[in-house]
Amino acid sequence: PQKLSWRHVFAAEEAEAEALLAKLKKDGKDWRNMGQPFMLNRAYARQAAPQMSQIMGTRFAEAMFAQNDNKGWFGPVRSAYGWHAVEITAEHPPQAAQFAPLADKIASDWQSEQARLARQAAWAELRAGYDIELVPVEDE
């Protein structure tokens, strides 16, 4: 899927986000020290819409991917947490998945899973050969 790299400055209120946006458009060099503290990251790399939705909410992701002019700061964009002035730093077009680089990992994962299933079956067979009796513990 298409992915975006982006950064943001957080504000609890829309009016505050609009004021931040005006400052960022004039000079966004100090963007990390602007706005209110935010519990998550201030910058994200290569996020697809589902990842962005999980972190910031569906409305935020839709607004980000709806941007046609990806140059400079824009917003305010509402998230599940509040309002954000946002800048898309890079757009990554969709790419078809390549199987060859994953073939070794897939084979290794399959072998590990087969070994896990074999151990599980061996333990079950071993346990089936024994009767377990619990001995009552006497009170002291």
Side-chain angles (χ1 to χ4, degrees):
Q2 178 185 8
K3 296 178 181 178
L4 300 176
S5 295
W6 55 280
R7 54 190 177 187
H8 71 101
V9 176
F10 174 70
E13 302 295 328
E14 185 176 14
E16 182 184 357
E18 287 174 357
L20 284 168
L21 183 59
K23 290 178 186 176
L24 288 162
K25 284 184 175 184
K26 287 180 184 175
D27 184 14
K29 291 178 186 172
D30 196 28
W31 68 274
R32 287 188 185 272
N33 296 317
M34 297 174 78
Q36 295 181 3
F38 191 66
M39 67 183 119
L40 302 174
N41 296 332
R42 286 186 175 245
Y44 292 88
R46 295 185 174 269
Q47 278 199 317
Q51 295 167 305
M52 198 180 297
S53 292
Q54 287 177 339
I55 295 169
M56 304 296 271
T58 304
R59 183 186 320 176
F60 184 91
E62 287 172 354
M64 292 290 287
F65 281 91
Q67 287 299 312
N68 292 329
D69 181 15
N70 295 334
K71 300 206 185 328
W73 290 90
F74 65 92
V77 179
R78 187 170 188 155
S79 75
Y81 306 102
W83 295 89
H84 308 261
V86 184
E87 181 181 36
I88 295 173
T89 56
E91 187 174 340
H92 311 280
Q95 294 180 342
Q98 300 293 317
F99 177 74
L102 299 176
D104 290 340
K105 173 136 178 50
I106 292 168
S108 174
D109 288 351
W110 182 83
Q111 290 172 342
S112 295
E113 179 64 11
Q114 294 306 306
R116 185 189 70 78
L117 292 172
R119 281 191 305 274
Q120 187 178 18
W123 279 110
E125 184 178 336
L126 186 63
R127 280 194 293 274
Y130 290 90
D131 291 327
I132 299 174
E133 294 180 27
L134 298 177
V135 179
V137 177
E138 295 181 21
D139 291 336
E140 294 180 346

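Quick caveat, the model's predicted, so the values are computed rather than measured.
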K.L.:
State yes or no: do Tyr44 and Trp31 share one hydrophobic cluster built from I, L, V, M, F, W and Y residues joined by side-chain heavy-atom distances below 4.5 Å, directly or via other members?
P.N.:
no
K.L.:
Let me have the donor-acceptor pairs involving side chains of residues 75-83, under 3.5 Å, with sequence neighbours excluded, atom names and distances please.
P.N.:
{"from": "Ser79", "atom 1": "OG", "to": "Tyr81", "atom 2": "N", "distance (Å)": "3.0"}
{"from": "Ser79", "atom 1": "OG", "to": "Gly82", "atom 2": "N", "distance (Å)": "3.3"}
{"from": "Ser79", "atom 1": "OG", "to": "His84", "atom 2": "NE2", "distance (Å)": "2.6"}
{"from": "Tyr81", "atom 1": "OH", "to": "Ile55", "atom 2": "O", "distance (Å)": "3.0"}

K.L.:
Counting neighbours of CD on Gln114 that are heavy atoms of other residues, nucleotides or ligands and sit closer than 6.0 Å, is the number greater than 12?
P.N.:
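Above 12, so yes.
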K.L.:
Any idea which heavy atoms bring Trp73 and His8 closest together, and the distance?
P.N.:
CZ3-CA, 4.1 Å
K.L.:
Do Phe38 and Val9 sit in one hydrophobic cluster, given that two such residues count as connected whenever their side-chain heavy atoms are within less than 4.5 Å of each other, even indirectly?
P.N.:
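No, Phe38 does not connect to Val9 through the hydrophobic network.
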K.L.:
If you take all heavy atoms of Ala85 and Leu21, which pair is closest and at what distance?
P.N.:
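What the structure gives for the nearest pair is CB-CD1, 4.1 Å.
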K.L.:
Using only atom types and a distance under 3.5 Å, with no angle test, would you say the side chain of Thr89 pairs donor to acceptor with the backbone of Ser5?
P.N.:
yes
K.L.:
Show me the pairs that pass side chain to side chain donor-acceptor pair (under 3.5 Å) and involve residues 14-26, at least two apart or across chains.
P.N.:
Glu16-Gln36
K.L.:
List the steps, then state whether side-chain contact (heavy atoms from CB on, under 4.5 Å) holds for Ile88 with Gln67.
P.N.:
CA-CA 9 Å; Ile88 295 173; Gln67 287 299 312; 4.1 Å; yes
K.L.:
Verify the cluster assignment for Met39 and Met34: are they in a single hydrophobic cluster under the rule of side-chain heavy atoms below 4.5 Å apart?
P.N.:
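No, because Met39 and Met34 fall into different hydrophobic clusters, even though each may have its own neighbours under 4.5 Å.
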K.L.:
Are Leu4 and Leu40 connected into the same hydrophobic cluster when the rule is that any two of I, L, V, M, F, W, Y join if their side-chain heavy atoms are below 4.5 Å apart?
P.N.:
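Yes: a chain of side-chain contacts under 4.5 Å links Leu40 to Leu4.
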K.L.:
Please round to the nearest 0.5 Å and tell me the distance separating atom CE of Met64 and atom CD of Gln2.
P.N.:
10.5 Å
K.L.:
For the side chain of Ser108 and the backbone of Asp104, is there at least one donor-acceptor N/O pair under 3.5 Å apart?
P.N.:
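Pair absent, no side-chain N/O of Ser108 close to backbone of Asp104.
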K.L.:
List the residues meeting salt bridge (charged side-chain N to carboxylate O under 4.0 Å, His left out) with Lys29, not counting sequence neighbours, and say none if there are none.
P.N.:
none
K.L.:
Restricting to non-hydrogen atoms, name the atom on Pro1 and the atom on Ala48 that form the minimum distance, rounded to 0.1 Å.
P.N.:
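Looks like CG-CB, 3.8 Å.
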K.L.:
I'd like to check the side-chain hydrogen bond (donor to acceptor under 3.5 Å, both in side chains) partners of Asp30; sequence neighbours left out, ordered by chain and number.
P.N.:
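side-chain hydrogen bond (donor to acceptor under 3.5 Å, both in side chains) list for Asp30, sorted by chain: Asn33.
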K.L.:
Quick check on the hydrophobic clustering: are Phe60 and Phe10 connected, directly or via other members, by side-chain heavy-atom contacts under 4.5 Å?
P.N.:
yes
K.L.:
Give me each pair satisfying side chain to side chain donor-acceptor pair (under 3.5 Å) with a member in residues 45-57, each pair once, sequence neighbours excluded.
P.N.:
Trp6-Gln47, Arg46-His92
K.L.:
Identify every side-chain donor-acceptor pair in residues 115-133 under 3.5 Å, counting partners at least two apart or on other chains, and give the distances.
P.N.:
{"from": "Arg116", "atom 1": "NE", "to": "Glu113", "atom 2": "OE1", "distance (Å)": "3.1"}
{"from": "Arg116", "atom 1": "NH2", "to": "Glu113", "atom 2": "OE2", "distance (Å)": "2.7"}

